Structures are given as structure tokens and as C-alpha cells.
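Computed from a predicted structure; not experimentally measured.
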Amino acid sequence: IRSAAMNIGARETILAAVRLAQKPPMVRTPYPEFSDDVARTLQPDADLWTVFVERLQSVRGQAYTEARLVGDFLRANGWTRGYCDPALRASVGETLGEGITVEYAFDSARVEEYQFGITRAAGAIAETGTIVLNDATTSARLAALAPWVHIAVLSPRELWPDIATALVRIGNDPNTIWVTGPSKTGDIEGVLVEGVHGPGVQICLRV
């Protein structure tokens, strides 16, 4: 009987500690303050596009400044059918060149037929080679995540020097994705594999 009573007492002690841990704190800890120059590693006179391209290529991403060159790359690899944001039809979709079939309405029922997707980027971060996507600028979210090739079209004015600037400029979009190169995972025996949870080829096109 004594042993049973001790077990019950220990059980209640543990449950009491769990219940206490589940209670929200009376006063939440505020976010830490940081200065405006935190994490800024670029020289003031650095060319942001040059730095961005270098960092993007270091994580096996690609960068272009002409849509026709993207078209050449797609044809060379046999990726000739895809989707393009209709807002980019004139500037990108119609300038990829012959032999490329582009649709301007994404059909989720035929998602496996799209070899590439062209959507707009909300911004990019030079110091990390990161492309930022969100719902406000992405015409079809699945088009940015499902095809093997994703081409993010970037406006030069949305190229930010560092993470601190991006956090200020990024806004309050409910769905924001930071993309640094092709999708990767090392879950299987620690072996890095690309293109498992998203595009295997990530391109940034500055227009």
C-alpha cells in the first residue's frame, strides 16, 4: 500500500509540473532589440547583383539577365513545356524563343506536365543569394514549387543587400518563402539530395 501511495504521489507531482508548464506566461518575453547594421557583411560600394549572382551560384542556383538565354537553357535540357505568370507574358513568356510551349493559366490537375514554372519574386537578398517569394507576387504558388525548374523573375529595385533589409521590406504577407538554390534535403542517411521537396533547378531572371 505504501509503495502504491508513493507511486500516486510521484505521478501527481509529474502531472502538476506538466500542467504548470502548459500555462502561458503572464508576461511574454519581448523580441530582442538589434541595431540597424546587424548582419551587414557587404561593403558599402559592393555591386549587389554581382554579389547576389556569386552567392546564388555557390548554392547551385543560376542567374540570367535575358529571357532568351533562359530559353536556350531550357531547350538544351529538353524542358520545353511550362507555365508563365500572365503579367510576364510580353517581357518573358514570348521572348523565350521557338520550341518552348508556354501556358498562362496554371492547371493544377495537370501539374506533372509542367517542366518549368515562371513566377515573380517578391525580392532577393544579395548577401545570401536568397530569392523571396510570397502570395502577393506569385500568380500560382504550385507553379513555383512543383515543376522541376523554377524561374523567379526579379525587379532590380527589389534586390536587397542583406537579411536585415529584407526583414524590413518583406511586408506582412501570410505566406513568405525564402529560397536559396534548388530544394535540398539530407534526411536520408545524411546524403544531400536536390529536387526532392521542390524544384531541382532554381533560376533568377532579372528584368
Taking atom CG of N172 as the centre, report whether more than 12 heavy atoms of other residues, nucleotides or ligands fall under 6.0 Å from it. no
Is any side-chain heavy atom of R206 closer than 4.5 Å to one of P156? yes
Considering only heavy atoms from C-beta outward, does the side chain of D85 approach that of R120 to under 4.5 Å? yes
For G82, is there any backbone N or O sitting under 3.5 Å from a side-chain donor or acceptor partner on Q115? no
If I compare all heavy atoms of A67 with all of S91, which pair ends up nearest, and what's the gap? CB-O, 4.1 Å
Might you point out which heavy atoms bring R89 and C84 nearest each other, and give the distance in Å? N-SG, 4.5 Å
Once you round to the nearest 0.5 Å, how far does CD1 of I131 lie from CD1 of I125? 10.5 Å
Show the nearest heavy-atom pair for residues Y83 and A143, with the distance to one decimal. CD2-CB, 3.4 Å
Compare every heavy atom of A124 with every heavy atom of L154, then report the nearest pair and how far apart it is. CD2-CB, 3.8 Å
Answer yes or no: does atom CZ of R75 have more than 12 heavy-atom neighbours from other residues, nucleotides or ligands under 6.0 Å? yes
Give me the atom names and distance for the closest heavy-atom approach of A152 to A121. CB-CB, 4.1 Å
Are any of the side-chain heavy atoms of Q62 and L56 separated by less than 4.5 Å? no
Chi angles and distances behind the side chain to side chain donor-acceptor pair (under 3.5 Å) call for T165, D162: CA-CA 6 Å; T165 303; D162 46 49; 2.7 Å; yes
So do V53 and V51 actually touch side chain to side chain, heavy atoms under 4.5 Å? no
Output the distance between atom OH (Y114) and atom CG (L142), rounded to the nearest 0.5 Å. 9.5 Å
Could you measure the distance from the CD atom of Q57 to the SG atom of C204? Nearest 0.5 Å is fine. 11.5 Å
Any donor-acceptor pair under 3.5 Å from D173 side chain to A136 backbone: yes
Can you tell me how far apart CG (L48) and CZ (R55) are? Round to the nearest 0.5 Å. 11.0 Å
Measuring from R141:CZ to T119:OG1, what's the distance to the nearest 0.5 Å? 12.0 Å
For side chain to side chain contact (heavy atoms under 4.5 Å, CB included), just list the numbers for I170 and V132, CA-CA rounded to whole Å, side-chain angles, deciding distance to a tenth of an Å, and then say yes or no. CA-CA 8 Å; I170 207 166; V132 180; 3.7 Å; yes
Keeping the roles fixed (side chain from T101, backbone from R81), state whether a donor-acceptor pair exists under 3.5 Å. no
Test side chain to side chain contact (heavy atoms under 4.5 Å, CB included) on H197 and T185; report intermediate values, then the result. CA-CA 8 Å; H197 303 300; T185 181; 3.8 Å; yes
Using a strict threshold of under 4.0 Å (side-chain N to carboxylate O), is an ion pair present between E158 and R169? yes
Does R110 have any salt bridge (Lys or Arg N to Asp or Glu O under 4.0 Å) partners at least two apart in sequence or in another chain, and if so, which? E103, D107, E113
Might you point out which heavy atoms bring G200 and P182 nearest each other, and give the distance in Å? O-CB, 3.4 Å
Show which residues join I151 in its hydrophobic cluster (side-chain heavy-atom contacts under 4.5 Å, direct or indirect), or state none. Y64, L69, V70, F73, L74, W79, L88, V92, L96, I100, V102, Y104, F116, I118, W148, V149, V153, V201, I203, L205, V207
When rounded to the nearest 0.5 Å, the distance separating OG1 of T176 from CG of N134 is 5.0 Å
Minimum side-chain heavy-atom gap F106-V111 below 4.5 Å: yes
Counting only N and O atoms by type, is there a donor-acceptor contact under 3.5 Å from the side chain of T130 to the main-chain atoms of W178? no
